[in-house]
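What follows is a set of notes on a single structure, which appears directly below.
FYI, side chains are in, hydrogens and waters are out, and symmetry mates aren't considered; it's all heavy atoms of this structure. Since this is a predicted model, take the numbers as computed values, not measurements. Residue numbers begin at 1 in each chain, while the letters A, B, ... track the order of the sequences.
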Number of protein chains: 2
Amino acid sequence: MGEAGPVRRVRADARRNTDALLEAAATVFATSGVDAPVREIATTAGVGVGTVYRHFPKRADLVAAVFRHAVDACADEAPALAAEHPPGEALARWLLRYTDFIATKRGLAAALHSGDPAFDALPAYFDQRFRPALDALLAAAVDAGEARCDVAANDLLRAVANLCGPAHDAGPDHARRMTALLVDGLRRGAVSPA
Amino acid sequence: MGEAGPVRRVRADARRNTDALLEAAATVFATSGVDAPVREIATTAGVGVGTVYRHFPKRADLVAAVFRHAVDACADEAPALAAEHPPGEALARWLLRYTDFIATKRGLAAALHSGDPAFDALPAYFDQRFRPALDALLAAAVDAGEARCDVAANDLLRAVANLCGPAHDAGPDHARRMTALLVDGLRRGAVSPA
DNA sequence: ACCGTAGACGGAACGTGGTTCCGTTTGCAA
DNA sequence: TTGCAAACGGAACCACGTTCCGTCTACGGT
């Protein structure tokens with residue numbers, strides 16, 4: 001099931017452009033929304049449209065790639081936080097980080113439900129990356145007696161996501177405050193470690 | 001607050017075209033989805049695009065008009081059914097009719113949440129037409145002891161709509177069967193009339 | 001019945017955005 | 001240094017929504 005034969009090395013400029021495109025797209029999507037024209041992204045990346053389509057055959061593929069990239073960045077912070085903070089603290093910090101992810105990517109999330117086949121695999125990817133990440137944090141916190149044990153990672157992910165749902169509220173940090181509240185409750189019901 | 005002065009009569013051909021467009025749009029939307037190009041609708045209606053835009057300044061206005069038209073058609077059947085059937089029967093029949101409406105207009109419903117200002121008034125219109133219509137049927141059925149009295153029209157509308165939500169199920173009449181189930185429950189808990 | 005005109009009509013033309021094509025350039029291994 | 005597979009750029013193409021404007025016509029007035 002591994003790679004077959006000597007993988008033809010990707011050219012350095014090709015990799016550089018892929019990265020530039022991913023970064024440019026993230027910026028542009030944040031600035032002008034997910035509907036920003038491909039040309040704008042190409043320009044921002046200092047690249048021709050042809051190059052965009054070489055790396056991402058369809059516009060939706062680029063959107064999907066940006067999404068995965070963001071998911072990765074967020075998920076990868078879980079172990080990092082776990083290494084630098086006590087379990088309960090790490091859990092709280094990561095959930096706040098996750099809150100930002102959800103809040104930031106609302107536009108992308110909407111696009112996911114557009115029916116485009118390029119997005120079909122994203123929900124699964126979302127789960128596959130976030131669930132284990134949160135599971136680890138949660139287990140550690142529970143073990144350390146710093147979080148209650150009757151909440152599943154999945155429920156937590158969904159709950160926080162929903163908490164950030166309706167954006168017709170006060171200040172921009174409303175979501176963070178709500179999540180903080182939730183986390184508070186999460187850390188209270190803890191039982192002492194065995 | 002009434003009309004001011006002699007309203008300049010609308011030309012006969014103008015009205016004919018509006019009707020033709022509404023009908024054509026409904027057909028095309030059902031056939032090719034809500035994203036069908038305006039030109040296709042114009043052609044189907046036997047009209048030039050200029051005429052489409054004379055009657056509906058924005059594409060979204062046409063979509064909204066078709067939606068309202070469909071709402072009207074469905075709501076107007078309520079009194080008609082009430083006149084031809086016993087209350088419980090009328091109620092059941094109309095809810096099935098409403099189920100078809102929901103199932104058929106899923107595409108339109110999705111468009112409603114696109115943020116286009118042309119759709120802002122539609123949810124209110126939906127309520128304003130359907131709630132009273134169902135209220136009447138429901139009240140009559142309850143009075144006749146043919147339906148339980150502890151269900152609100154609003155809840156029923158929402159429930160049926162949700163029932164038709166996920167379309168990843170079996171046969172195309174899945175929604176109708178689900179609604180039938182619901183209606184069954186509705187008619188059971190009835191109490192004899194006073 | 002006939003006119004004059006407000007208003008309607010059709011469809012070419014325009015602007016924007018996605019996608020394709022292809023001649024040119026370039027990283028890299030021999 | 002050289003050869004070429006692969007990558008690049010961006011003009012060109014196509015599909016849409018929307019606008020413009022010259023032409024046509026319903027209909028109230030004579």
- [ ] Might you confirm whether atom NE2 of His69(B) has over 12 heavy atoms from other residues, nucleotides or ligands at distances under 6.0 Å?
- [x] no
Open item on the list: Here's a test of your reading of the structure: between Ala12(B) and Arg39(B), which maps to the more 5' nucleotide of DNA chain D?
Closed with: Arg39(B)
TODO: Check each of Arg15(B), Arg11(B), Arg16(B) against Asp13(B) using the salt bridge (charged side-chain N to carboxylate O under 4.0 Å, His left out) test, and report the only one that passes.
DONE: Arg11(B)
Task: Pair Asp127(B) + Arg131(B): basic N to acidic O under 4.0 Å - done: yes
- [ ] Answer yes or no: side-chain N or O of Arg11(A) and base N or O of dA6(D) forming a donor-acceptor pair under 3.5 Å.
- [x] yes
Task: Positions of residues 41-63 of chain B (non-hydrogen atom under 4.0 Å from DNA chain D), listed by number - done: Tyr53(B), Lys58(B), Arg59(B)
TODO: Could you identify which residues of residues 13-32 of chain A place a heavy atom less than 4.0 Å from some atom of DNA chain D, listed by residue number, or say none?
DONE: Asp13(A), Ala14(A), Asn17(A)
- [ ] Flag yes if more than 12 heavy atoms outside Glu40(B) fall under 6.0 Å of its CD atom; otherwise flag no.
- [x] yes
Task: Euclidean distance, atom CZ of residue Arg9(B) to atom C1' of dA8(C) [Å, nearest integer] - done: 15 Å
Open item on the list: Angle between ring planes, Phe101(B) versus Phe126(B), binned at 30° and 60°: parallel, tilted or perpendicular?
Closed with: tilted
Open item on the list: Measure CD/Glu40(B) against C1'/dC16(D) and give the value in whole Å, please.
Closed with: 12 Å
- [ ] Scan side-chain atoms only and decide if Tyr125(B) and Asp72(B) contain a donor-acceptor pair under the 3.5 Å cut-off.
- [x] yes
TODO: Compare all side-chain heavy atoms of Asp76(A) with those of Arg129(A) and state whether any distance is below 4.5 angstrom.
DONE: yes
TODO: State, yes or no, whether a side-chain contact exists between Leu22(A) and Leu62(A) at a heavy-atom distance under 4.5 Å.
DONE: yes
